[in-house]
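Scroll down for the structure; my scribbles are underneath it.
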Amino acid sequence: MRLRPFRQALPWALLALAPACQEQEEGHAPQVQLVTTTCAGVPPLENASRLLWRITGEGIEAPLEHVTLVDLRPEDVPVVPPGRARVLEVRAYTGEPPASGQVVSMGRSAPFEMPAEGGPSEPVRVVLRRVETWVPVEDAQRPGECLQLTEPRAAHTATLLKDGRVLLAGGFRMDGAGNAETLSSFEVLDPGARTLTHLPSQDEGLTRRAFHTATLTPEGEVVLAGGEVSIAGVTVPLRTAAVWDPDALGLYGFELAWARSRHGAASDSAGRILLAGGVGEGSVPVPELEGLEPQALRTFSVPLLLPRVGASVTALPDGQRVAVIGGSDGQELAAEVLTFTYDGATFAPSSPGVKLRYPRRNAAVAPFGGQRLLVVGGYGSPADPVFTGDALPVSEVIDWGSPAPRVSDGPSLVARGDACAESLPGGRVFVAGGRRQEPANFRVVSSALVEQVIPTVSETSAVLGQEPLVSALYLHTCTVLPDGAVLVTGGLDDSQGGPQVSGGAYVFVPLPRD
């Protein structure tokens, strides 16, 4: 008996496909759950007629491909060779792939092991979403309804856990008087299972924070460091850090040497974290650097003063060095890009150094394929951008692939700062939101712009405009999920007058380029 075509399915559908015959000469066909979700917008399989199945994994040199009709039968499930880290990708086309038709939706499974006999212990789930459009995360418990964050939040953090879930921590919302009220709750969003779990505060002294940093350790724990608390219009920087264990849901706190907020943090491959810059008491730049060893719940001093506000801190592709890029001491912008390596006792400056062509603060930084970093936008004035604007329309590429790092001009983008930038498969960089200047009065307001930077044979690369965010946002988060989609949560929209904190969770699936 043929299964009902997806085109005629309800807005939400989960189809379990168990192949009629498991034994195959070259492997087995696993049980598959294809999930089509539509709580808003166009259904994933509208106008689709064909599905392209792609199988990748360890030992598979080129993707194995299989084409079926959208009107699936159990025997259409493709054979998956035995082995580790198998990924099943499904693309829906309007015509016969790849000769004709367009990709309208796609999804990827989490990696799974395919045994030599039988199948995986759990069905292989693939969630199909429309490509190149912002899709709300649907609520698996209430089919047809979109998930909303339990508490709208901005200036929070979103950390991708090792199992594919995303931890949302802290941030702020607006109280009845229009003041920022710092949140103490966590939320765990599972985009694949389409669930959201609200975790009330275990210890408000450790969890209530905004403008903090969150760093994933090699053990899979999340380190929350610094930040600030705002209550009734009074803001206090924090001198605490907390380690959150996603397995035990435990929270372990320790003291920092200096209170700091709006700083940067990144870790080396061993899990040691460098904290740099930010503001402390009286909104004065914090000059002291600080190192963290999360497993020991301790800090260590770094013997260098580096007052930087709006600096970008990131790990380099080699996993051994941490770079501090740009920023301001309140009087001047810093052009120097400094790198630090752990020498057995502390983070020590490493050489050689490099300088930005365009000094900037509040830029976004992302790996750009190979040993390169893309530095995007920011502001060209050392003062707070609320008062000066001066958003930059230029990017730069720092190439760490040679003994002497090299800086070259990147592509031009729409001028804005405080955007988020994340690396996509294939070396692309996804840039979303931020703050732009209004042409009439130069006021800095939130932006809905989304762009994708694509490496080309020329050093300047190419920029593609994408569908804008559902609303203009900054102080939001961008997270690349294991299936290559981008998740955006929360944020602040002040483009229409009074500030509005978002409670949305939206996913964008970039069009595949292979």
Side-chain angles (χ1 to χ4, degrees), residues 154-155 210-211 213 228 260-265 276-279 283-287 306-314 323-338 354-366 368 373-398 407 409-422 429-451 453 463 469 472-478 491-495 499:
F211 295 101
T213 56
E228 64 191 49
R260 70 178 80 218
S261 178
R262 305 172 191 245
H263 55 289
V279 294
S283 298
V284 175
V286 179
L306 192 67
R308 297 278 181 95
V309 178
S312 302
V313 183
T314 187
V324 180
I325 301 171
S328 165
D329 64 4
Q331 302 297 321
E332 294 182 353
L333 291 171
E336 295 83 8
V337 177
L338 301 180
V354 68
K355 288 188 176 182
L356 296 174
R357 296 188 176 189
Y358 305 93
R360 62 187 78 202
R361 59 174 290 174
N362 297 72
V365 176
F368 193 43
L373 292 177
L374 181 68
V375 183
V376 179
Y379 307 103
S381 175
D384 190 319
V386 170
F387 304 108
T388 62
D390 197 20
L392 296 177
V394 294
S395 66
E396 300 177 66
V397 178
I398 307 176
V407 177
D409 288 338
S412 297
L413 293 91
V414 176
R416 62 196 192 277
D418 292 299
C420 65
E422 292 289 337
V429 172
F430 190 84
V431 185
R435 288 193 288 180
R436 60 177 178 83
Q437 290 171 252
E438 289 187 324
N441 55 20
F442 297 100
R443 186 172 68 101
V444 180
V445 297
S446 54
S447 170
L449 288 170
V450 178
E451 294 169 294
V453 184
V463 178
L469 295 167
L473 294 174
Y474 78 107
L475 301 181
H476 57 302
T477 65
C478 296
L492 186 70
D493 182 357
D494 60 4
S495 64

When rounded to the nearest 0.5 angstrom, what is the spacing between OG in Ser283 and CD in Glu228?
-> 8.0 Å

Heavy-atom nearest pair, Ser412 first then Val463, reads O-CG2, 3.7 Å

Closest non-hydrogen atom pair between Gly278 and Val309, with its separation = O-CG2, 3.9 Å

Rounded to the nearest 0.5 Å, what's the gap from CD on Gln437 to CG on Asp390? Could you check?
-> 6.5 Å

Provide the closest heavy-atom pair for Val445 versus Ser495 in the form atom of the first, atom of the second, distance.
-> CB-CA, 4.3 Å

With a 4.5 Å heavy-atom cut-off, do Leu333 and Pro382 have their side chains touching?
-> yes

Over all heavy atoms of both residues, which pair between Pro285 and Pro307 is shortest? Give the atoms and the distance, please.
-> CB-CB, 4.2 Å

In this structure, CG of Asp418 is separated from NE2 of His476 (nearest 0.5 Å) by 9.5 Å

Applying the side chain to side chain contact (heavy atoms under 4.5 Å, CB included) test to Leu413, which of Leu449, Leu392, Val431 qualifies?
-> Val431

List the atom of Val324, the atom of Ala311, and the distance in Å for their closest heavy-atom pair.
-> CG1-CB, 4.0 Å

Side chain Arg360, main chain Val394, donor-acceptor under 3.5 Å = yes

Ignoring hydrogens and geometry, is there a side-chain-to-backbone donor-acceptor pair from Arg416 to Gly377 under 3.5 Å?
-> no

CG-OG distance between Asp493 and Ser447, expressed to the nearest 0.5 angstrom | 10.0 Å

Do Asp494 and Val444 pass the side chain to side chain contact (heavy atoms under 4.5 Å, CB included) test, and can you show the C-alpha distance, the side-chain angles, and the key distance before you say yes or no?
-> CA-CA 9 Å; Asp494 60 4; Val444 180; over 6 Å; no

Do Arg361's NZ or CZ and the ring of Tyr379 fall within the cation-pi criteria of under 6.0 Å and 45°?
-> no

If you measure from NZ on Lys355 to CD on Glu396, what distance do you get to the nearest 0.5 Å?
-> 13.0 Å

Are the side chain of Arg357 and the backbone N or O of Val407 linked by a donor-acceptor pair below 3.5 Å?
-> yes

Nearest heavy-atom approach of Gly433 to Ala419 is O-CB, 3.4 Å

Rounded distance (nearest 0.5 Å) linking atom OG1 of Thr314 with atom CD1 of Ile398 = 9.5 Å

